[in-house]
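The structure under discussion is supplied below as structure tokens; questions concerning it will follow.
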Amino acid sequence: MGRKVKDNFAKGIIYLATGITLSVLIFIVGFIFVKGIGLVNFDFLTRDFNEKVFYAFVQNEDVSMSIDEEALKQKTPFDDRYESLIEGPIYVDNIGAAIAKVTYKNNATEHEQLVISYIEKNSPLTNAADSTGKEMRIGTDYVIQSINGTDFEGLSLDEAAALIKNQSDELKIKVVQPGGGVKSNIITTLYMVLLSLVIAIPLGIFGAIYLTEYAKPGRFVNTIRFAAECLSGIPSIIFGLFGMAFFVVALKLQISLLSGSLTVAIILLPVIIRSTEEALKTVPTSFREGSLALGATKLQTIFKVVLPCAVPGIATAVLLSIGRVVGESAALLLTAGTVAQIPGTLLSPGSTLTVQAYYVAKEEGNIELACAIGIVIIVIVIVLNILSRIMSDKLDVFNKK
Amino acid sequence: MDKKIKFNTKNLDLFYGDFQALKSINLEICEKEVTAFIGPSGCGKSTFLRCLNRMNDLIESVRIEGEILFDGQDINGDIDVINLRTRVGMVFQKPNPFPMSIYENIAYGPKCQGLKDKTQLDKLVKESLIKAALWEEVKDRLNKSALGLSGGQQQRLCIARTIAMQPEVILMDEPTSALDPIATAKIEDLMSKLKKDYTIIIVTHSMQQAGRISDKTAFFLMGEVVEYGETPVIFTNPADKRTEDYITGRFG
Amino acid sequence: MSKSFKKVLVSLLVGASVLAFAGCSSSDKTALKAAVSGEINGGGSTSVQKIIDAAGSEFTALNPDAKFTYSGTGSSDGIKGAAADTYSFGCSSRDLKTEEQPGLKVATFAYDGIALIVNPANTVTNLTKEQLTKIFTGEITNWSEVGGADAPIVVVSREDGSGTRSATEELLGFAEKLKADATIKEGNGNVQTTVAGNANAIGYVSLTFVDKTVTAVNVNGVKATVDNVLNKTYTLSRPFLIFYDEKKTDPATQAFIDFLMSEDGQKIVTKEGGITVSK
Amino acid sequence: MEAIKRKKLRERIIENIFLLCACVAVISLLAITFFVFYNGLAPFVSNSYSLWSFLTGVEWRPGSNMYGIFYMIVGSVLATFGAILIGVPVAILTAVFIAEMAGSRAGKVIRFAVELLAGIPSVLYGVFGLGIIVPYVLKISPMAQGESLLATVFVLAIMILPTVVSISETSLSAVPKEYREGSYALGASKIQTIFRVVLPAAKSGIMTGVILGIGRAIGETMAVMLVCGNPIAGIPTSLFSQIRPLTTNIALEMGYASGVHQELLYSTGVVLFVFIMIINFAVNRIVKTKVGN
């Protein structure tokens, strides 16, 4: 029976192909999770990427330890990804806190440092101020590097504790707020998504409304549609090119959040215009005629009848756009920079999660950290997928089966 | 006069999930006859028709109990469905020619069974088209797309491609409900010609059509066969009151 | 339904304006003391990254209101950015070409050795300048020709805008004659990780990037150390320059440059493995 | 009367706002096209560099004023062609499995998995390539480094899978049920029905998916940059030789290029732009012919 053999052979090939696709997915997501999960912990999500150094001015007053020695030993707020305890902790009463010596090992760098492992409720550290007098927070696992000008480097834990103890009057401590997290990138990504959507959505949706509802169908509309079609296929590196030359240099917006989000907004425009047009086209003309026949103006028809039916299509378009912004890297690399910080103003640079993942993989060759950032991105992508599924079902008021 | 039994069902039940669509159907269908199934929509006549060539297998939640004997063999068991469908052809309500040429449409079935020889295929296509009374209208554009034909022509094309399989039985699921009266008339007199070669089982909404072309008629209601017999008997003095009400149009 | 649609739109617009307003106001909060405030966004050579980052974090420690960032994108980018005002200041690890100088205020803040690095597993410990030139131009292609194991040499070079690349090519005399199939890596960190990951690779990085993942070969028998650069026995070295657009006088950037040239700044240069200019 | 006039006025104002949005949207789209072409063609118009040697040169040495991108075009085309060769068959057969053979539950799970694959940013494919594919290629490659055409092809093939699968799957499920029933009724098996009726009927949808896949493969930058080696010259002679696609050439040097060097990077963008335009034109042509017959 030639047919049965051929059929089974074809079926085998189909199962093989599906197997390949699924195993590729599992292999990639698995690789990213296995490589990256080790670096993902609470600190990873709540700390900035770079560490921050500052001088803290602290009043020198004795505060006795309220917990016993044993309890102090339990307190280990160290970042277990990189830090491991060697000595201590020792309680120092004139700063009302306990310090410990840890080794810090991250990728290629390895050194020892003094870290604050416990702070009393009314310790003088809680109302430290910086050189401009502004109040400032010192938390556990912060590194202390020097006090009143003398470095702790090379001192044993006891010598360091003794050094702090016999300081008189005001203490000037050099403190390092630990980095190693992606909080700044997460917030920059949020800013980038919000800003680019605020620019692209009104333009895209209203533009699409004009093209489908008002503009006379003809060459003008077709050329625009063809342009939108073409540009949705253009690689984002070309948008990066344009963004850098136009926004960064010509409009003097610097390499910043604003030029980044403007560039991404232009990337989103074709996607939003096309999907909004498709959503508007699915609304049968009989709906429009019915509404106009009842004396409604064109505008009322659009907002009361046409848009509500098109909302599911628009909603998925918005979610697709968010996914595109979160995943964007080439365009942002040239326009928003690779600096891992929360942009203070619209004109300051900041790197999103994806740009940071690229930078870490390329610049420092740190695959583990890139994968850890990848995990955060994949979680966001999964949430977006589920959201878009719910949105399109729930909002599907028009063709509820 | 007693004809050979082609299909014989023994208390056949069918369930869509937990909804019972067919309730213990016992029916004997004779060879080389036109048997019509009539009844209100949703009474299960199409479902029963689709059991005869196991098209219901495509629906996931279907459960069938009881026997359907085809030439004495139960087709519900593990028989070769492919072979069954080559012997029991089917024409659908909406004409569904493939988006290929007329020739390809008709040659599709035999090609699937492995017939490759060009001359045999040509002969088979011509014969089928002649039998389906479509040859004259399409003989010089066999390689044009079948989608270009009119509704009536498309339906006859579907009949032609079924005939090309040389089936023993042709099932027809409301074949003319989507066609205009002229095309319907053409299909009806085609069926009366075909019945000398094939057993024809047709589901129809129009009782006039059943009256005109069928030898026997079965009246379905709520998944049961209310009455089954010679068409003239069913239409002049039906035994069951419900059949009479339906035929005289007293209820839906 | 359409009412909720309008509400969503309005809230989006309000959200953006609040963001924009909040963004602009926070930066120019007047400081109590005369400490410096404002944003300094520098960029340029990746070789200076370690020194500049350390200096930057010390500077922001002393002036909490100042915000400091530095993106390592290559010397030429630093020069272009400083001239086009997309950077507050630029850094380069090579001398400026004559046509690049007009309009820029330039200062040398450190010197730096260029280390020729190989994978720690590589048995070769010394190479002469001629051998290095032949390797990078493709005349020597196998480690056995320079006393190493029998394995092909993988040359890792920098992208075209890198100061370290043009300095190295000038010092070893094979400017623009790099062999065609050299692998191009963007930035010192990237070269270092590539050499660390490939037993047959050779590349060049700033002395400040040498750590235990790679080994620096001796050049003409001289070990690549800060002292040997100081006493001129190790000849592969080049200046670190910092520059900004004269027309754009930005107090914060000027304060940073003064700090960098100050005694404290130079201490950081030495601490990070660079050679201070003050001596 | 007053109310009507005000209402009419409001209508006109909002209509003009819509028009304004449409114009801004359109202008920004056309601005990019004009901008890239203007800057990209400038060096040739002012013939500070000859178009012919730009398109046929095989060495890119900005330092000594040599800008040849032919070897990059070959690199891009080979990488994309390789990715299509591997990715498209696997993708189409997966789409067939989802649309035709998987039960509704299994189909939903795989569809979600493919959507997830599509959602992952390309940078992570690059990281995966750098972490797994490059070391693997290094093991089997006669050359001394893993970055190569082969690694790029693998990364791109994986990347176009989701695009081609999802578009093909939608067009397969759009094939009317009647065709399948007709085929079964004629005694065709499931496989025969798929390959002889359903696939031909969904051909144009699948072609659109494949062409969009090509567009994405040619346009990919970040993932490719990590795995392709970026050599400054040399037409790839084997699967293991390094390549420098057009997109990475732009991303690598845009930051610091100036003068003619920068304009010729725009020209690289123009070449890319033209490639994409041709592809999009092909898509429209196919979609039109589908609607036509």
Side-chain angles (χ1 to χ4, degrees), chain A residues 50-55 107-110 130-134 136 174-176 191 194-195 197-199 201-202 205 244 248-249 252-258 300 302-305 307-309 311 314 337-341 343-351 359 362-366 395 397, chain C residues 1-6 8-9 12-13 15-17 19-20 22-28 31-33 35 37 39 41 43 46 49 53-54 56-58 60-65 67 69-73 81 84-88 185-190 192-194 196-197 211-214:
Chain A
N50 302 316
E51 52 189 31
K52 194 167 178 313
V53 181
F54 45 84
Y55 284 96
N107 216 354
T109 52
E110 188 174 345
D130 65 21
S131 54
T132 61
K134 188 150 54 61
M136 165 193 101
K174 187 172 180 190
V175 179
V176 176
Y191 277 178
L194 187 66
L195 214 53
L197 283 186
V198 153
I199 301 165
I201 292 232
I205 293 180
M244 199 187 96
V248 173
V249 178
K252 290 257 181 300
L253 298 177
Q254 311 289 10
I255 292 184
S256 66
L257 180 68
L258 187 58
Q300 286 163 330
I302 289 176
F303 274 103
K304 287 194 166 44
V305 171
L307 272 184
C309 299
V311 155
I314 296 174
T338 58
V339 172
Q341 66 162 7
T345 68
L346 278 179
L347 294 180
S348 36
S351 66
Y359 185 79
K362 176 178 81 62
E363 200 48 41
E364 297 152 17
N366 189 341
L395 290 171
V397 69
Chain C
M1 177 52 83
S2 75
K3 214 161 258 60
S4 73
F5 185 75
K6 260 191 228 140
V8 163
L9 220 56
L12 266 180
L13 287 175
S17 45
L19 175 84
C24 292
S25 68
S26 74
S27 73
D28 41 40
L32 295 179
K33 266 197 270 166
S37 74
E39 280 212 16
N41 294 322
T46 56
Q49 185 96 43
D53 278 351
S57 57
E58 186 65 23
T60 42
L62 297 168
N63 308 283
D65 285 344
K67 259 185 170 296
T69 67
Y70 181 80
S71 27
T73 47
D85 297 341
T86 51
Y87 286 136
S88 324
K185 289 287 169 180
E186 236 193 333
N188 279 276
N190 207 348
Q192 185 199 351
T193 41
T194 311
D211 60 20
K212 60 181 175 29
T213 62
V214 288

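For clarity, every value in this text was computed on a predicted model and none was experimentally measured. Lettering follows sequence order; numbering is per chain, from 1.
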Beyond-backbone contact of A:Gln341 with C:Lys67, side-chain heavy atoms, under 4.5 angstrom: yes
Intermediate values then yes/no, side chain to side chain contact (heavy atoms under 4.5 Å, CB included), C:Thr86 and A:Met244: CA-CA 10 Å; C:Thr86 51; A:Met244 199 187 96; over 6 Å; no
Interface moiety of A:Val248 toward chain C, non-hydrogen atoms closer than 4.5 Å: both
Which atoms of C:Ser57 approach chain A - backbone, side chain, both or neither, heavy atom under 4.5 Å: both
Closest non-hydrogen atom pair, C:Glu39 against A:Pro349: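 In this case the closest contact between C:Glu39 and A:Pro349 is OE1-CD, 4.5 Å.
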Per-residue contact mode, C:Asn188 against chain A (heavy atom under 4.5 angstrom):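 Looking at C:Asn188, just its backbone touches chain A.
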Choice from A:Val53, A:Asn50, A:Ile255 maximising heavy atom contacts with chain C below 4.5 Å: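 Heavy-atom pairs under 4.5 Å are most numerous for A:Val53.
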Distance in Å, A:Asp130 CG paired with C:Asp65 CG, rounded so as to fall on 0.5 Å steps: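 Here the interatomic distance stands at 7.0 Å.
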Shortest non-hydrogen separation from A:Phe54 to C:Ala61 and the atoms involved: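 For A:Phe54 and C:Ala61, the tightest heavy-atom pair comes out as CA-CB, 3.5 Å.
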Nearest atoms (heavy-atom pairs only) where A:Gln254 meets C:Asp85: OE1-O, 2.8 Å
Atom group of A:Lys52 that falls short of 4.5 Å from chain C, counting heavy atoms: neither
